[in-house]
2 protein chains.
Amino acid sequence: MFEARILQGSILKKVLESIKDLVTDANFECTANGFALQAMDSSHVSLVALMLRSTGFDHYRCDRDVTMGMNLLNMSKMLKCADNDDTITMKADDAGDVVTFMFENPKADKISDFQMKLMDIDTEHLGIPDTEYEATVKMSSNEFQRICRDLSSIGDTVTIAVTKDSVKFTTSGDIGEANITCRRTSDGDMKEEKVKTEEDGEKVHNTKSSEGQNVDIDLQEPVTLTFALRYLNSFCKATSLCENVRLQLSKELPVVVQYLIEDMGYVRFYLAPKIEEEDADES
Amino acid sequence: MFEARILQGSILKKVLESIKDLVTDANFECTANGFALQAMDSSHVSLVALMLRSTGFDHYRCDRDVTMGMNLLNMSKMLKCADNDDTITMKADDAGDVVTFMFENPKADKISDFQMKLMDIDTEHLGIPDTEYEATVKMSSNEFQRICRDLSSIGDTVTIAVTKDSVKFTTSGDIGEANITCRRTSDGDMKEEKVKTEEDGEKVHNTKSSEGQNVDIDLQEPVTLTFALRYLNSFCKATSLCENVRLQLSKELPVVVQYLIEDMGYVRFYLAPKIEEEDADES
DNA sequence: CTTGTTCAAG
DNA sequence: CTTGAACAAG
C-alpha cells in the first residue's frame, strides 16, 4: 500500500504543469525514500528527473516499492481539479492498477476523489551519473525564464557562455542577434563567500544566495554551450516552484537545470547541447 | 409605451451573457409586473426562465403588455456596447416593432442609443408547475461552477446525489472517475436556522446563508439524478449574478438551477435528467 | 487568493 | 471564433 499526503497541493500541481508538456507517459517510482520519476521526453533530447522525498510529505506510507505508470496529461487534468490550497493525497494498493487522488479543502467540507487507471510503461531506467560540473550558475528563476523567452523571439538556440564573472546568453536569427549578459552580482562578497563555503559547507553559500545575490557563479573552467530554446522554455514552466534556478554545465555534457522544491526535493531537467557539426542535421 | 431603466446595467449584461448561448430567439414579456422571459433551448432539453420585477428597476413604465421578440445574440451584442457601470434604459412604443437600448455613463457625458428590430416568434408559453421538490441544495455559485467545470474534464454527465448531510457529484469517463462531496456545513446551525425561517420568513434564512453557510440542504427524500454537464456549464455562466445557487431536485423531474438577482428577481434554468435507459441513445 | 484582462491555441 | 491559459492588479 502506498499513500502520500501533501499539505500544499499546489506544489504537486505545479510540478505536473512543468513536466506534462515534455513527457507524455512516465513511471513514478514510489519507495520508502520518496516519490520519484525519471523520463526522457518523446523526442529523446531531454530528460526530467523529479524527486519528492518522503520526509517532505505530511504523511507518507510505502509498504513496498510501487511503480505507477501514468499518462501525465491525464494526471494533470485531475490535479487541475484540486484547488491550490487543497491537501492532496495519492493512494495505490499493492495490486496497483489504479491510483486515487484525493483532494481536501482546508475547511474539510469538500472532499474529492479521482481514480485513474495506471499503465504499463517499459522504460530503461537511465542511470544519471553524478558528475562534477565545470560551471555552476545560480540565478533568479524569473530572470532565467525571462531571458529564455526573450531570446526565443529572436532565435531558436541559445549559447550560454559562463566565465568567472558573468554568464552570457547569445542567440541569433533572421531578424538579428542578441546578447544578454548577467554579471555575477558582487565580486567582493563572492570571494569571501567562497572561502566560507569551503569552511562551513553549502549552508553559508545558500544563505548568501537568498540575500539578494542575483547571479552566483562557481567555476572550474569557462564553458560555452548551445541549447535549443524550445526545451529551455519548457523547463521554465517550473519557475514558480522556486525563486532560484541552478544551471550546471560541462563541455559536451547535458546541462542540468534544477529547481529545488523546499523541504521536499527537486525537479531537474537535462538537455544535451547542440554540437556544432550537428547543427545542419537538427534544422 | 414600455420604458424600463436599470441603474446597474451590468446586471442586464450578465443576464444576457448567461442565456444567449442557450436560447437564440425569445419573447420578452413586458407587463406592469416586470420584464420576463421563458424559453426552451434550441434542442428542447433545457428551459430558461427570467424574471426582473418592475419594482427592481430604477424607473419602470408599462402602459399595456408588450411582447418583444428578440434575437438574444443581437441583443447581447448591443448590451456589450454598454459599460458595466452604465445605466441602461429599454424602450418600446406600443406599435412595438423596434426596441431601443439607451446607455448613459455615470457622469452623463456619454449617451448611446441602439435600436434593434423586433421579431415575431411564436412560442407555446410553457406553464411551469410550481412543484414541491424532494431536495433543495443551496451552495456557493462559484463552487458549483468549479465542480461542473472540473467534472467536465473527466466526463460528459454528472450524477448528483443529495442526502441529508451532503451533496455528491460523480462522473466517469475514459481517463477515470471522480467524486466530489460537499458536506452540509454545520448541522447545529441548520436546525436553529430552520426554526427561525419559519418564524421570521425568508429573510433570516438568507442572512444566515451569506454568513459563511457553504452548503445548505433541505431534504424531503434522498435524490440521485444524472445530468448533461454541457448544459450545467452553460447555466453556470450566471454565476456572477449571485453568490449562491439553489438546486432543486426531484426524481424524474427537471432540476431547477436558480440564481437570485438581488431586489429584482431571478434566472432559473431547468434541465431534464438523463434516464438510465436513454444513456445508449445519447451517445 | 481572487478578479479582470489579455494572449494564444484548437 | 471560441475557450483555456498566462498575467497583472486589488
Side-chain angles (χ1 to χ4, degrees), chain A residues 7-22 24 72-88 103-107 109-110 140-150 152-153 229-230 232-241 243, chain B residues 8-11 13-14 16-24 41-42 71-74 76-77 79-86 139-156 173 175 210 212 214 228-245 259:
Chain A
L7 215 66
Q8 206 180 333
S10 58
I11 290 178
L12 202 59
K13 289 176 56 133
K14 286 178 190 169
V15 164
L16 251 98
E17 278 307 298
S18 77
I19 63 178
K20 72 163 209 289
D21 293 326
L22 222 48
T24 54
L72 296 191
L73 200 70
N74 291 340
M75 180 179 176
S76 166
K77 270 190 192 172
M78 290 194 166
L79 291 184
K80 275 186 188 152
C81 300
D83 257 325
N84 279 328
D85 52 356
D86 279 358
T87 292
I88 298 182
F103 312 139
E104 296 169 89
N105 70 350
K107 289 197 294 177
D109 56 2
K110 179 183 171 190
S140 148
S141 57
N142 277 316
E143 195 165 318
F144 180 65
Q145 181 178 44
R146 179 70 197 267
I147 290 169
C148 291
R149 181 164 23 103
D150 286 351
S152 27
S153 69
L229 279 165
R230 184 189 146 207
L232 295 182
N233 275 314
S234 187
F235 301 167
C236 285
K237 296 197 169 148
T239 296
S240 59
L241 279 170
E243 290 242 310
Chain B
Q8 207 180 332
S10 60
I11 290 177
K13 289 175 55 134
K14 284 178 191 169
L16 250 97
E17 278 306 298
S18 77
I19 63 179
K20 71 163 210 292
D21 293 325
L22 222 48
V23 180
T24 55
D41 79 303
S42 29
N71 176 292
L72 297 191
L73 201 69
N74 292 339
S76 165
K77 275 187 191 170
L79 292 183
K80 275 189 184 152
C81 301
D83 260 328
N84 278 328
D85 51 358
D86 280 358
M139 64 187 294
S140 149
S141 56
N142 276 318
E143 195 163 313
F144 181 63
Q145 182 179 41
R146 177 75 198 265
I147 289 168
C148 290
R149 179 165 30 102
D150 283 351
L151 292 187
S152 19
S153 71
I154 310 294
D156 297 326
I175 71 168
S210 60
N214 277 333
L229 279 165
R230 184 189 144 204
Y231 290 97
L232 294 182
N233 275 315
S234 188
F235 301 167
C236 284
K237 294 193 173 150
T239 296
S240 59
L241 279 169
C242 183
E243 289 243 312
N244 296 107
V245 61
Y259 298 86

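Chain identifiers are assigned alphabetically (A, B, ...) following the order of the sequence lines, protein sequences preceding nucleic acid strands; residue numbering begins at 1 within each chain.
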Visitor: Using whole Å, report how far CG of Leu73(A) lies from P of dA5(D).
Guide: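 It works out to 10 Å between those atoms.
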Visitor: Which value, rounded to the nearest 0.5 Å, describes the distance between Cys148(B) atom SG and Gln145(B) atom CD?
Guide: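 That separation rounds to 8.5 Å.
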Visitor: Taking all non-hydrogen atoms of both residues into account, name the closest pair between Leu79(A) and Leu16(A) and its distance.
Guide: CD1-CD1, 3.8 Å
Visitor: May I have the distance from Lys20(B) (atom NZ) to dT3(D) (atom C1'), rounded to whole angstrom?
Guide: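 About 12 Å, once rounded to whole Å.
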Visitor: Nearest whole Å is fine: how far is dG4(C) C1' from Asp85(B) CG?
Guide: 14 Å
Visitor: Hey, could you give me the CE/NZ distance between Met75(A) and Lys20(A), rounded to the nearest 0.5 Å?
Guide: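 Between Met75(A) CE and Lys20(A) NZ, I get 12.5 Å after rounding to 0.5 Å.
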Visitor: Quick one: is dA5(D) close enough that its OP1 or OP2 comes under 4.0 Å of any side-chain N or O from Lys80(A)?
Guide: yes
Visitor: From dT3(D), dC1(C), dT3(C), pick the nucleotide closest to the side chain of Lys237(B)?
Guide: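 Shortest atom-to-atom distance from the side chain points to dT3(D).
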Visitor: What is the distance, to the nearest angstrom, from the CG atom on Asp21(B) to the C1' atom on dT2(D)?
Guide: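 In whole Å, dT2(D) C1' lies 10 Å from Asp21(B) CG.
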Visitor: Starting at NZ of Lys13(A) and ending at P of dA6(D), how long is that distance when rounded to a whole Å?
Guide: 12 Å
Visitor: Side chain of Arg149(A): nearest nucleotide among dC1(C), dT3(C), dC7(D)?
Guide: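 Between dC1(C), dT3(C), dC7(D), the one nearest the side chain of Arg149(A) would be dC7(D).
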Visitor: Would you mind reading off the distance between Glu17(A) atom CD and dA6(D) atom P, rounded to a whole angstrom?
Guide: 6 Å
Visitor: Take the protein atom CG of Leu79(A) and the nucleotide atom C1' of dA5(D), then report the distance between them rounded to whole Å.
Guide: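 Spelled out: CG on Leu79(A) to C1' on dA5(D) is 17 Å.
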Visitor: Atom CG of Asn105(A) to atom C1' of dT2(C): distance rounded to whole Å?
Guide: 16 Å
Visitor: Roughly how far, to the nearest 0.5 Å, is CG of Asn233(A) from CD1 of Ile147(A)?
Guide: 11.5 Å
